[in-house]
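To keep things clear, I will list the structure first and then write my remarks on it.
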Amino acid sequence: MLVGAAVMGLWLSEPAALAAQFPMMFVMQFNTSICFVLSGLSLALMHSAYSRWSALLSGVVVAFAVAILIQHFLKTDLGIDRLLITPFMQSGTAPAGRMAANTAFCLILINASILLTLRIGRNSHIRLLFAGLVFMIAASAQIGHLLNATTTQDWLPLSRMSAQTSISFMALSIGLIFSRPEDLGYQRTMMGAFLAAATYLLLVLLTYFEFMRQETLFTEELPASEAGNARSTLIAILLFSGIAYAFLILYALRTAQRQRAAARDLSESQMRFAAIIDTAVDGFITIDDQGKILSVNPACERIFGYKAAEMMSQNVKMLMPEPYRHEHDQYIRNYHRTSRPRIIGIGREVEGRRKDGSTFPLDLSVAKVNLGHQVLYSGIVRDISERKRHERQILEANAELEEFSYRTSHDLRSPIASSIGMIAIVQDMIEDGVSPKDLKPVLERIDKSFRKLDSLIQNIILLTRVKVLEETETPIAVAKVVNDTVERLRYIDTEQKTHIHIDVPSALTIHKKASRFQIIIDNLLSNALKYRDPGEDRPEVRILARKENGEFVLSVVDNGLGIQEQDEQQLFQMFRRFHPQQAYGSGLGLYILKKSAEHLGGSVSFHRRKKGSQFTVTLPDGSRK
């Protein structure tokens, strides 16, 4: 479009002096320049919303170019050469203003390609063929201008193509060839290589025609030898070099295709591998032979708490606590010297160090990767903190189960054995004719033994419920639960001396499992009432509940017998009784309290007071808005 517009401007301004001094600037005719402007505009509009205008412009150019060819072949003048302008000068031997035949032919091919694309809505092999042929013609003509080889410009009877025209055709054809070749499965680099090879072969063919035209001149200047003449020798050389060049281009294209396919396969493989590594739960770390970290996956960021950028190029010992950190570099040097591995190829359990300085157990396996020019080490790390916690829980559970079975059998057997003995005594007393009044104390002791047995069995049942009970969370009005529990447990304080103070907001509500929360309240209040100090003039129990920092906190404070300092370590263990002379207990109450709090996601703590005790249960705030 720019070249055509510039030539149109020259013809319209009619600079006679400039034309006389530089006639080559006016070789492109006025009507040719108009066709280039219309063709360029049509190509620009081809894939836009104005594609109808593109079809109209290309149709006008095709009709005009066909008319030009008719004039050439019929050797007639239809008057269209001077339709828009009367040329002020004549360039070449053709009539003034007439477009060259090869130019008209190429314009027909270019605009036919545009019309075909608009018709089918996509790229096509015919478009590539037409545009490629135009490029070959224009490129050979341009090379002829550069080398002053007239054959590549004149096209025998089809007349000369100017430098301006060949440049414009190259621009138009390139626009068509390299616009969406992927629709047909071609790469732009491959298309460029084919064009180069085809253009070279065309130049060889044109050179052959030039030799044929100059046969007499060559014969005179280069006489024939016994093996042949110079013309046939040169032609053979040209043809052989052209064929060799074509094969080299084809081989290069094929090699490039294979390399692209290999690169694509490698890229896809890397992407699949990266997807597996990036989504893996385990951490993957790659280090060099100096211990510097080369790559990490997202799991490493999660496990160690560092960002990937913070770990890259750092020594891997940053992820190790002492003494491993201090020994790591020496270990690598020893391995390079002796090739005796301690970890490589052997999975083992080690300790890792997080960014916050905390340590945790790791499963580590390391493999050596020899790349020929470099040795790398890849490691797979797995945070086994959860597994270790479960292992500890299993060991603790087994120990508790063993103790539970022993203590339960002992505690169950004791009241039963006592009752059997007492029943034998009662039988003897009855046989001896003892009065019912004298039997009463013995029967009361039997009743007390069975009540102890019943209490123990109830606690065992409760402990079992704590472990296996499944329950949904419901809203709990804390003040109501506390008040109802206090009234229900009043029987424990037979003398009704204990002053109970309840400091719980009436609107306080949490969402928890109701039965487990009730177990917590029952154990806290029953212990406070059962173990009051008989020597205390004013026994008191204070119940406080509140929410603070996103947590529900329940505290029960008393001035009772309390817990000795040496007994605190065993406070929440099974079957631990601290004041058996004051009240009978199974020793399971505080253990059940602790397990219930943990099941609800919280914890229980004990604070020894100067007089009495304070138990505090902290639970996540389960209230819902």
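- Taking the side chain as every heavy atom from C-beta outward, Ser54 and His47 never approach each other to under 4.5 Å.
- Of the possible polar contacts, none joining the Arg353 side chain to the Lys317 backbone as a donor-acceptor pair under 3.5 Å is found.
- In terms of the ring pair (Phe, Tyr, Trp, His ring centres under 6.0 Å) criterion, residue partners of Phe169 (sequence neighbours excluded) are, by chain and number, Phe36.
- Applying the salt bridge (Lys or Arg N to Asp or Glu O under 4.0 Å) rule to Asp278 yields no partners; only residues at least two apart in sequence or on another chain are considered.
- Note on residues 57-80: pairs passing salt bridge (Lys or Arg N to Asp or Glu O under 4.0 Å), not counting sequence neighbours, are Asp77-Arg82, Asp77-Arg98.
- Side-chain atoms of Thr286 and Ser378 form no donor-acceptor pair, as typed in the model, at a separation below 3.5 Å.
- A donor-acceptor contact under 3.5 angstrom links the side chains of Asp81 and Gln71, judged on distance only.
- Residue pairs meeting the side-chain hydrogen bond (donor to acceptor under 3.5 Å, both in side chains) criterion with at least one partner in residues 108-119, sequence neighbours excluded, are Ser39-Asn111, Ser58-Asn111, Thr117-Arg127.
- Counting heavy atoms from C-beta on, the side chains of Leu118 and Ile114 come closer than 4.5 Å.
- No side-chain heavy atom of Val62 sits under 4.5 Å from any side-chain heavy atom of Leu107.
- Among residue pairs with one or both ends in residues 291-314, those qualifying as ring-ring contact (aromatic ring centres under 6.0 Å, His included) are Phe304-Phe360; sequence neighbours excluded.
- Each side-chain hydrogen bond (donor to acceptor under 3.5 Å, both in side chains) pair with one or both residues in residues 166-176, not counting sequence neighbours, appears once here: Gln142-Ser166.
- Residues satisfying the salt bridge (Lys or Arg N to Asp or Glu O under 4.0 Å) test with Asp282, not counting sequence neighbours, are Arg382.
- Listed for the Thr32 side chain is no donor-acceptor partner under 3.5 Å among the backbone atoms of Met28.
- In this structure Phe130 satisfies the ring pair (Phe, Tyr, Trp, His ring centres under 6.0 Å) test with no other residue, sequence neighbours excluded.
- Using a 4.5 Å heavy-atom threshold, the side chains of Glu351 and Leu362 count as separate.
- Residues satisfying the side-chain contact (heavy atoms from CB on, under 4.5 Å) test with Ala280, not counting sequence neighbours, are Phe284, Asn297.
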Could you list the donor-acceptor pairs under 3.5 angstrom formed by side chains in residues 13-26, with sequence neighbours left out?
| unit_1 | atom_1 | unit_2 | atom_2 | d |
| --- | --- | --- | --- | --- |
| Ser13 | OG | Gly9 | O | 3.0 |
| Ser13 | OG | Leu10 | O | 3.0 |

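- Ionic pairing of Arg389 and Glu386 is present here: one or more N-O contacts between side-chain nitrogen and carboxylate oxygen are shorter than 4.0 angstrom.
- Considering only residues two or more places apart in sequence or on other chains, Ile85 meets the side-chain contact (heavy atoms from CB on, under 4.5 Å) condition with Trp11, Leu12, Phe30.
- Here Ile174 pairs with Phe135, Phe178 under the side-chain contact (heavy atoms from CB on, under 4.5 Å) rule; sequence neighbours left out.
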